[in-house]
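Below you'll find the structure, written out as structure tokens, and then a few comments.
Ligands are counted one by one from 1 in listed order, and the atoms in each one are counted from 1 as well.
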Amino acid sequence: MTDYVPVLAIDGPSGSGKGTVSRKLARRLGWHLLDSGALYRLVALAAVEGKLSLDDPERLAHIASNMNISFAPASDLEQVFLEGKEVSKDMRTEACGTNASKIALQPTIRNIVVARQRRFAQAPGLVADGRDMGTIVFPDAILKVFLTASPEERASRRYNQLKDKGIDVNLAALSRHVYRRDRRDLERNVAPLRPAQDARVLDSTELDENEVAEYIFEWLLGTGWSPVKVSDG
Ligand code: DC
């Protein structure tokens, strides 16, 4: 009996398509899904709702340790709950993303969040998307992918994603926010956004999400991991 759980780590900047592709792959594999950015977003949202300063490490740490969160399975809608209340839309705004990126600079918060993220690794496997999945959180992932896309393409994808979710946005303002958020995530001292040494880098600018998922699925098969064959007799 082993408690080894295969992890597929997909990292990249915002708008690289990692969220959509991770969900697709988790469904196809029948694995769990970790949207690791959601945890930073939820700490930020809880702090804002509680009218706390984002520079108060002690109180943020308390939230990060104690907040009660849940996610609908990868096969269902992208629903997220904080203290039993659905916050799927509130946590997706660019303002919440910016706050998440700010609190993600704090090492104390990262340590707490990372410990919670690791608990998502459960049988039969986990697809984890974020910024430091391959470098810090799951260094033993069986496959690490770093997804990129041109800044213009990423801004336009974020724009369409937010619009689809019914969130009002302005493309020019969004591009500026995304640019600033990426710089902060790239330049921070702790767990900066970068490919793990053993990551496969994929530029998705010219690819649609099905093509990206297909590349990654083929790479996964190339690791020697194989889907469990369901007995038909
Ligand atoms: O993936 P996202 O846009 O939901 O992430 C929101 C912010 O959270 C991102 O700008 C930086 C932070 N984050 C992080 O520091 N580490 C992760 N693994 C995921 C997100």
Counting only heavy atoms not in Asn68, do more than 12 fall under 6.0 Å of its CG?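 Atom CG in Asn68 is crowded, with more than 12 foreign heavy atoms closer than 6.0 Å.
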Between the protein and ligand 1, are there any N or O atom pairs that come within less than 3.5 Å of each other, and if so, what are their names and distances?
{"unit_1": "ligand 1", "atom_1": "1 (O)", "unit_2": "Lys18", "atom_2": "NZ", "d": "3.3"}
{"unit_1": "ligand 1", "atom_1": "1 (O)", "unit_2": "Arg131", "atom_2": "NH1", "d": "2.8"}
{"unit_1": "ligand 1", "atom_1": "3 (O)", "unit_2": "Arg41", "atom_2": "NH2", "d": "3.0"}
{"unit_1": "ligand 1", "atom_1": "3 (O)", "unit_2": "Arg131", "atom_2": "NH2", "d": "3.4"}
{"unit_1": "ligand 1", "atom_1": "3 (O)", "unit_2": "Arg181", "atom_2": "NH1", "d": "3.0"}
{"unit_1": "ligand 1", "atom_1": "4 (O)", "unit_2": "Arg41", "atom_2": "NE", "d": "2.6"}
{"unit_1": "ligand 1", "atom_1": "4 (O)", "unit_2": "Arg41", "atom_2": "NH2", "d": "3.4"}
{"unit_1": "ligand 1", "atom_1": "10 (O)", "unit_2": "Arg181", "atom_2": "NH1", "d": "2.8"}
{"unit_1": "ligand 1", "atom_1": "10 (O)", "unit_2": "Asp185", "atom_2": "OD2", "d": "2.7"}
{"unit_1": "ligand 1", "atom_1": "15 (O)", "unit_2": "Arg110", "atom_2": "NH1", "d": "2.8"}
{"unit_1": "ligand 1", "atom_1": "15 (O)", "unit_2": "Arg110", "atom_2": "NH2", "d": "3.3"}
{"unit_1": "ligand 1", "atom_1": "15 (O)", "unit_2": "Arg188", "atom_2": "NH1", "d": "2.8"}
{"unit_1": "ligand 1", "atom_1": "15 (O)", "unit_2": "Arg188", "atom_2": "NH2", "d": "3.0"}
{"unit_1": "ligand 1", "atom_1": "16 (N)", "unit_2": "Arg110", "atom_2": "NH2", "d": "3.1"}
{"unit_1": "ligand 1", "atom_1": "18 (N)", "unit_2": "Ser36", "atom_2": "OG", "d": "3.0"}
{"unit_1": "ligand 1", "atom_1": "18 (N)", "unit_2": "Arg131", "atom_2": "N", "d": "3.1"}
{"unit_1": "ligand 1", "atom_1": "18 (N)", "unit_2": "Asp132", "atom_2": "OD1", "d": "2.8"}

For residues 112-128, pull every pair meeting side chain to side chain donor-acceptor pair (under 3.5 Å), keeping only residues two or more places apart or in separate chains.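 Qualifying pairs, neighbours excluded: none.
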Considering only distance and modelled atom types, tabulate donor-acceptor pairs under 3.5 Å from the side chains of residues 102-115, sequence neighbours left out.
{"unit_1": "Gln106", "atom_1": "NE2", "unit_2": "Leu54", "atom_2": "O", "d": "2.8"}
{"unit_1": "Arg110", "atom_1": "NH1", "unit_2": "Ala104", "atom_2": "O", "d": "2.8"}
{"unit_1": "Arg110", "atom_1": "NH2", "unit_2": "Tyr40", "atom_2": "OH", "d": "3.2"}
{"unit_1": "Arg110", "atom_1": "NH2", "unit_2": "Asp132", "atom_2": "OD2", "d": "2.9"}

Stepwise salt bridge (charged side-chain N to carboxylate O under 4.0 Å, His left out) test for Lys85 and Glu49: CA-CA 12 Å; Lys85 178 182 139 204; Glu49 288 191 344; 3.4 Å; yes
Side-chain atoms of residues 31-38: list all donor-acceptor pairs with protein atoms under 3.5 Å, sequence neighbours left out, distances to 0.1 Å.
{"unit_1": "His32", "atom_1": "NE2", "unit_2": "Ala123", "atom_2": "O", "d": "3.0"}
{"unit_1": "Asp35", "atom_1": "OD1", "unit_2": "Gly37", "atom_2": "N", "d": "3.4"}
{"unit_1": "Asp35", "atom_1": "OD1", "unit_2": "Ala38", "atom_2": "N", "d": "3.3"}
{"unit_1": "Asp35", "atom_1": "OD2", "unit_2": "Arg92", "atom_2": "NH2", "d": "2.7"}
{"unit_1": "Ser36", "atom_1": "OG", "unit_2": "Asp129", "atom_2": "O", "d": "2.6"}

Side chain to side chain, Leu186 and Pro192, heavy atoms closer than 4.5 Å: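 Side chain of Leu186 against side chain of Pro192, heavy atoms only: no contact under 4.5 Å found.
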